[in-house]
Amino acid sequence: MKLRAVKGMHDILPDEIGRWHRLEAAFRAMASRHGYEEVRTPICEPTALFVRSIGEATDVVEKEMYSFQRHDDELTLRPEGTAGAARAYLEHTVHARQAVARWYYLGPMFRGERPARGRQRQFHQAGCEIYGDAGPACDAEMIDMLVGFLRELGVGEVDVLINSLGSGDTRARYRDALVAHLSPRRDELSEESRRRLEKNPLRILDSKSPRDQELCADAPTVLDVLADDDRAHFDALRRYLDALGTPYRVDPRLVRGLDYYTRTLFELRGAGGELGAQNALGGGGRYDGMIAELGGPATPAIGFALGLERLLLAMSPDAPVSAPLAYLVPLGDPGAVACLVLAKELRAHGVAAIVDGRGGKLKAMMSRAEQRQATLTVLVGDGELERGVVTVKTMATHAQEELPRAQAARVLADRLASTERQH
Ligand code: AMP
């Protein structure tokens, strides 16, 4: 039997990793600028945590979780990051020490969905959570931060959709209104939506079937049944977004796949063609009830997650793929010694450097430098050694020059640092 990676789970090879590093570094930098601190929770949690927080009747819990039993414990590979973070927040009684906590996380998630472009069984999310702030100012800041982040990455056009699911019994009242609207047309609904009518009617609004969409077109919306305080929260959110100049569209039919949301809900969709049907780049919302539901004190909370694979598909392709690299080409043995020493000096200046240890013909070494996508190559042969210089070739322009050996490391390090800043 040929051993292969599990279907829907992918290797990320070194030639792709530069873009991952850049994306992760940009996310971390953005999160820190906004006061978020990183949390790392286990990749696997008690199954009950996801059932209770995400909701029993959701697709994720019903059919997508990787669950297994080990040492009498029922465990599940995390399908998302919010539940584990909330568990950690509670377990370490963070609420007792910090009035407001802002956390971010990055890492792999697991859902047994049908694999497609932009949909995998192991995928990566980056997300943020705020505990202890009921908004709506922080809701607006979070959405604005996300929109700014996608711009920074060079993601083209993005649709920002917002909605409110209200709080308290709004969801239940809306559920009843929707069921009352759809029940007389039950037989016309798709099989999946008929099933959802009993278990999770809000998800019918998400149905891809055109007939279901038609039947929902004149259904009441959740915004029609919002209580006064929820409406005021939503109106303020919109006012803040307007003040920040954040583009958005109110979509009163926006519902998301997880059951824990209250009030603010949002989703960012790539409007470009590169994503196809999987155009949701990220989304999130408030989950003011979850911490109490998990046994903690009533704590308002809001969060979002971005799908990193989809961001990589949507990101500008000319984003720099890797850090600058100096490729050192020794011509003969004394040259090899000089290259080893120069490479060590370059690294001490923070520059990535590789010495071509295979030797051989200059042409072969230069083509290996190109393969490694070196920013510049440094050649050292007998002639250079006699004159106390090194020959430097800038790969993008093919320009060639000599630099005094003694200053080469510092000069090249300065030059490469400024190339990096330009990106
Ligand atoms: P969710 O946790 O369902 O709100 O998803 C947040 C984001 O994660 C989505 O907008 C996607 O970008 C990404 N995502 C969710 N499921 C998958 C998957 N199976 N494969 C790749 N990305 C995903």
Side-chain angles (χ1 to χ4, degrees), residues 27-42 45 49-50 52-54 78 80-107 125-149 162 164-171 226-244 246 256 258-266 282-306:
F27 181 81
R28 287 176 192 283
M30 172 212 63
S32 322
R33 273 200 310 277
H34 289 80
Y36 293 89
E37 296 170 298
E38 185 176 0
V39 63
R40 297 188 191 184
T41 61
E45 296 276 356
L49 172 66
F50 300 117
R52 274 180 51 195
S53 58
I54 298 174
R78 61 182 185 192
E80 54 96 65
T82 298
R87 189 227 7 96
Y89 175 86
L90 256 178
E91 186 164 333
H92 302 281
T93 52
V94 179
H95 50 87
R97 282 175 278 128
Q98 233 177 329
V100 176
R102 292 171 165 245
W103 287 2
Y104 79 85
Y105 62 84
L106 279 165
Q125 285 186 338
C128 288
E129 316 285 349
I130 303 178
Y131 306 97
D133 186 332
C138 71
D139 308 25
E141 270 205 303
M142 188 176 260
I143 296 168
D144 183 61
M145 171 177 89
L146 272 173
V147 174
F149 182 57
I162 65 168
S164 173
L165 290 183
S167 57
D169 66 351
T170 307
R171 206 189 170 99
L226 279 191
D228 288 347
D229 53 343
D230 293 331
R231 181 172 305 283
H233 193 278
F234 191 53
D235 289 346
L237 166 65
R238 296 181 56 181
R239 234 176 333 107
Y240 296 149
L241 288 173
D242 290 337
L244 288 167
T246 318
R256 308 197 68 250
L258 316 174
D259 259 1
Y260 48 59
Y261 292 117
T262 53
R263 290 193 162 170
T264 309
L265 196 65
F266 53 93
R286 284 211 152 267
Y287 48 98
D288 292 342
M290 191 199 290
I291 301 287
E293 170 68 23
L294 294 177
T299 309
I302 182 167
F304 70 83
L306 287 165

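Starting from 1, each residue takes its place in the sequence as its number.
Here the side chains of Y36 and M142 are in contact, with some heavy-atom distance below 4.5 Å. No side-chain heavy atom of I162 sits less than 4.5 Å from a side-chain heavy atom of D139. Taking 4.5 Å as the limit, some side-chain heavy atom of R263 sits within range of a side-chain heavy atom of D229. Side-chain contact between M145 and R33: absent, with no pair of heavy atoms (C-beta onward) separated by less than 4.5 Å. F266 is not listed as a side-chain neighbour of V147, based on a closest heavy-atom distance of 4.5 Å or more.
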Using the side chain to side chain contact (heavy atoms under 4.5 Å, CB included) rule, take T170 and L165 through it: C-alpha gap first, then chi angles, then the decisive distance, then the call. CA-CA 7 Å; T170 307; L165 290 183; over 6 Å; no
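Scanning both residues, G303 and Y287, for their nearest heavy atoms gives N-CE2, 3.6 Å. Nearest approach of Y240 to A140, heavy atoms of both residues: CB-CB, 3.5 Å. Taking every heavy atom of both residues into account, L294 and R52 meet most closely at CA-NH2, 3.7 Å. When every heavy atom of H34 is checked against every heavy atom of R102, the shortest pair comes out as O-NH1, 3.0 Å. Across every non-hydrogen atom of C128 and F27, the tightest pair is SG-CZ, 4.0 Å. Residues V94 and A101 come closest through the heavy atom pair CG1-CB, 4.1 Å.
Listed by chain and residue number, nothing satisfies the side chain to side chain donor-acceptor pair (under 3.5 Å) test with Y105 (two or more places apart in sequence, or in another chain).
For R40, the CZ atom is loosely surrounded, since the number of other residues' heavy atoms within 6.0 Å does not exceed 12.
Side-chain contact annotation: E293 with S53, donor-acceptor N/O pair under 3.5 Å absent. Using modelled atom types and a 3.5 Å distance limit, the side chains of Y89 and Q98 yield no donor-acceptor pair.
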